[in-house]
Student: 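Dropping a structure here in structure tokens format, bear with me for questions.
Predicted model, so just to flag it, every value in this text is computed and none were measured. Within every chain, numbering begins at 1; the chains are lettered A, B, ... in the order of the sequence lines, protein sequences first and strands thereafter.
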Number of protein chains: 2
Amino acid sequence: MATVSRVLREPDRVTPAKRAKVGEAIAHFNYVPNAVAQQLRRPRSRTILVIIPEISNLFFAEALKNIENVAHDLGYRVLIGETQRCQERLDQYIDLVTSRTADGLILFGSLMPSVLRASMDAGAPLPFPVVLAEASVRWPNCPRVKIDNVLSGEMAVRHLVKTGRRRIAMISGPQRYTVSQDRLKGYRMVLAEAAMEQRQDWVVEGDFSMASGYAAMGRLLDLAELPDAVFCAGDEMAIGAQTAIRERGLRMPDDIALIGFDDMRFAAYASPPLTTIRQPAGELGKAAVGLIKALFDGDSIRESTIILPHELIIRRST
Amino acid sequence: MATVSRVLREPDRVTPAKRAKVGEAIAHFNYVPNAVAQQLRRPRSRTILVIIPEISNLFFAEALKNIENVAHDLGYRVLIGETQRCQERLDQYIDLVTSRTADGLILFGSLMPSVLRASMDAGAPLPFPVVLAEASVRWPNCPRVKIDNVLSGEMAVRHLVKTGRRRIAMISGPQRYTVSQDRLKGYRMVLAEAAMEQRQDWVVEGDFSMASGYAAMGRLLDLAELPDAVFCAGDEMAIGAQTAIRERGLRMPDDIALIGFDDMRFAAYASPPLTTIRQPAGELGKAAVGLIKALFDGDSIRESTIILPHELIIRRST
DNA sequence: CTGAAAGCGCTAACAC
DNA sequence: GTGTTAGCGCTTTCAG
């Protein structure tokens, strides 16, 4: 048995003759090592758990794809958990790492595992490697990768101002998420800076879905005082908004300019093609894997924050 | 140790007094059973491996979400593997089940694991539970869930004929996939049946991406003999095609009618909203879990095929 | 009802 | 270089 193990793991430490013999036997019996038993003996499972709020969100999908790729190249397996923004499901997935099925965690979304919250409240160090991705909160001793949502919100609105818009509205994300708050903050910042009118009813909250963008835009268009530009905190909401605008017979960008957020792949095919702020989803995924790997290897990079660059993509909706 | 195990697993077989005491200890030491060790002793890992070609495809994302949900309710964990249509990565993921990290496999896509191909060639029974989802091929002794792509292709084109179109083109999927072949077959069927013109250059092959739909439509529009309707084998290609049509200043459905396939969530927000054939992605996922569960439980449902109903969703592009 | 003891299949340390 | 041995942390007999 031990020799078989060696042949599979460190073939050089076995005589070629024996190696061949064992190899034959392996082939003959169709032997595949039981990974569970291996894991029990080995210190690490070489598995990364990635937790995302929802799998059908294209931003996460893109990040995930890159995580998979990089992890795979590094010899790690990736386990994906979808929480659907439900605390209970999140905590169940966390069991995978406390029970050592996974070595560490890349966590997307704003939900926080109970175990981590508890250990933090107790002032204890994090019980296992975690990296926060696109994190809305800051967590002591925990590296994160994100973009600067305030700055990118500013960039979006500044572009609107620069192209001559004066009555700028916003369809924001749910305000319980810091990401959403930050983008809104960026919006307000620029408006204040440009000494432009800030109306309460020009900010409508959506939930990042197309339906919510459509509804929010509907409310904006019902206003007596119509905005001449709208900053949408997400591309899907922007696409919903476009539909609403088209239905009212208004033209973009002439009547209303629209800027989105994310640059998901549908943005370029919208009607008109959507100007947007690109979030580097892929880069974010890659960076997250780099961070977790460093944690695994014991590098003391805790507490670091990587801010990835956002980018203005000008298309024809502005 | 044994008692702790019992308290966690079959509390009723332990005196309440002892149970409480053990419970306290568990809480105090923050004890979490090592899942790897548990799995070593238990016959099954209660994990389902789901393999998909690409995670960012909305059809898979939707199916996956339902798989996750149902599996979760049944007490199964879901491991997701993305092959990116690469045989090597597929085979690596299959190791998860041969090495008993997963109990069985739900397989999307047309790639076939080498192990399975080998065992089939040898006339042997499948070495572990597999269900084929939206399978392009048939596999002996292996249950599958799918829709009827020929019939749904027919339904799409028949709708075009019924609404008075006479020069119907098609943007097909890659012909190396049976799914794509089937939809094309449906198209040809109806055309033949209606004794309508079938032109070689009215069928252009895409790869399901928006970019390919855009390019394919461009080629169609360059033709001397313009079609008055196009059946796209996927919604994303249809959205790409819409962009091309708009850019040429043509109107939908007046100049050209367009019908897509899938009814992914963007279809309703396209411009104009896309008429399409709905594939029940969610149902498909649920059914797949049901099938694999039955396989786990030893029900002899092998060789069954579940055909899920497709549906014509009429919107404004036709 | 509970503790002791025997493995699950493997790897690593240890002899030979 | 290779076989033997001792666990990894649990579950499951088996006694008591």
Student: Please determine, by modelled atom types, if Gln84(B) and Asn69(A) share a side-chain donor-acceptor pair under 3.5 angstrom.
Tutor: yes
Student: Tell me the interatomic distance from Asp95(A), atom CG, to dC10(D), atom P, rounded to whole angstroms.
Tutor: 14 Å
Student: Which part of the nucleic acid does Arg6(A) contact within heavy-atom distance under 4.0 Å: base, sugar-phosphate only, or nothing?
Tutor: base
Student: Given Asn149(B), which of Glu134(B), Gln279(B), Gln181(B) fulfils the side-chain hydrogen bond (donor to acceptor under 3.5 Å, both in side chains) condition?
Tutor: Glu134(B)
Student: State whether the distance check finds a donor on one side and an acceptor on the other, under 3.5 Å, for side chain Arg100(A) versus base dG9(D).
Tutor: no
Student: Are the side chain of Arg77(A) and the backbone of Thr47(A) linked by a donor-acceptor contact shorter than 3.5 Å?
Tutor: no
Student: Using whole Å, report how far CZ of Arg41(B) lies from C1' of dC10(C).
Tutor: 14 Å
Student: Please state how far atom CD in Gln39(B) lies from atom P in dT12(D), giving the value in whole angstrom units.
Tutor: 14 Å
Student: Check this for me: does any side-chain nitrogen of one of Arg13(A) and Glu10(A) sit under 4.0 Å from a carboxylate oxygen of the other?
Tutor: yes
Student: Determine: side-chain N/O of Thr15(A) to OP1/OP2 of dG1(D), distance under 4.0 Å, yes or no.
Tutor: no
Student: Do Tyr177(A) and Arg183(A) pair up side chain to side chain, a donor and an acceptor below 3.5 Å, judged on atom types alone?
Tutor: no
Student: Would you confirm whether Arg265(B), through its side chain, and Ser209(A), through its main-chain N or O, come within 3.5 Å as a donor-acceptor pair?
Tutor: no
Student: How sharply is the helix from dC1(C)-dG16(D) to dC16(C)-dG1(D) bent, taking the axes over five pairs at either end and rounding to 10 degrees?
Tutor: 50°
Student: Measure from CG on Leu40(A) to P on dC10(C) and round the result to the nearest Å.
Tutor: 11 Å
Student: Please step through side chain to side chain contact (heavy atoms under 4.5 Å, CB included) for the pair Ile55(A) and Phe60(B), ending with a clear verdict.
Tutor: CA-CA 10 Å; Ile55(A) 212 156; Phe60(B) 297 130; over 6 Å; no
Student: What integer distance in Å separates Lys21(A):NZ from dG1(D):C1'?
Tutor: 14 Å
Student: What is the distance, rounded to the nearest whole Å, between atom CE of Met1(B) and atom C1' of dA5(C)?
Tutor: 14 Å
Student: Quick one: is Gln38(A) getting a side-chain N or O under 4.0 Å of the dC10(C) phosphate, OP1 or OP2?
Tutor: no
Student: For DNA chain C, whose closest nucleotide is more 5', that of Arg13(B) or that of Ala2(B)?
Tutor: Arg13(B)
Student: What nucleic acid atoms does Val14(B) come within less than 4.0 Å of, heavy atoms only: base, sugar-phosphate, or nothing?
Tutor: sugar-phosphate
Student: Could you tell me how far apart Tyr31(B) (OH) and dG9(D) (P) are, to the nearest whole angstrom?
Tutor: 10 Å
Student: When the distance from CG of Leu8(A) to P of dG9(C) is rounded to whole Å, what number comes out?
Tutor: 16 Å
Student: Would you indicate, yes or no, if dT2(C) has its OP1 or OP2 atom less than 4.0 angstrom from a side-chain nitrogen or oxygen of Thr3(B)?
Tutor: no
Student: Need to verify one output field. Residue with the more 5' nearest nucleotide on DNA chain D, Ala37(B) or Glu10(B)?
Tutor: Ala37(B)
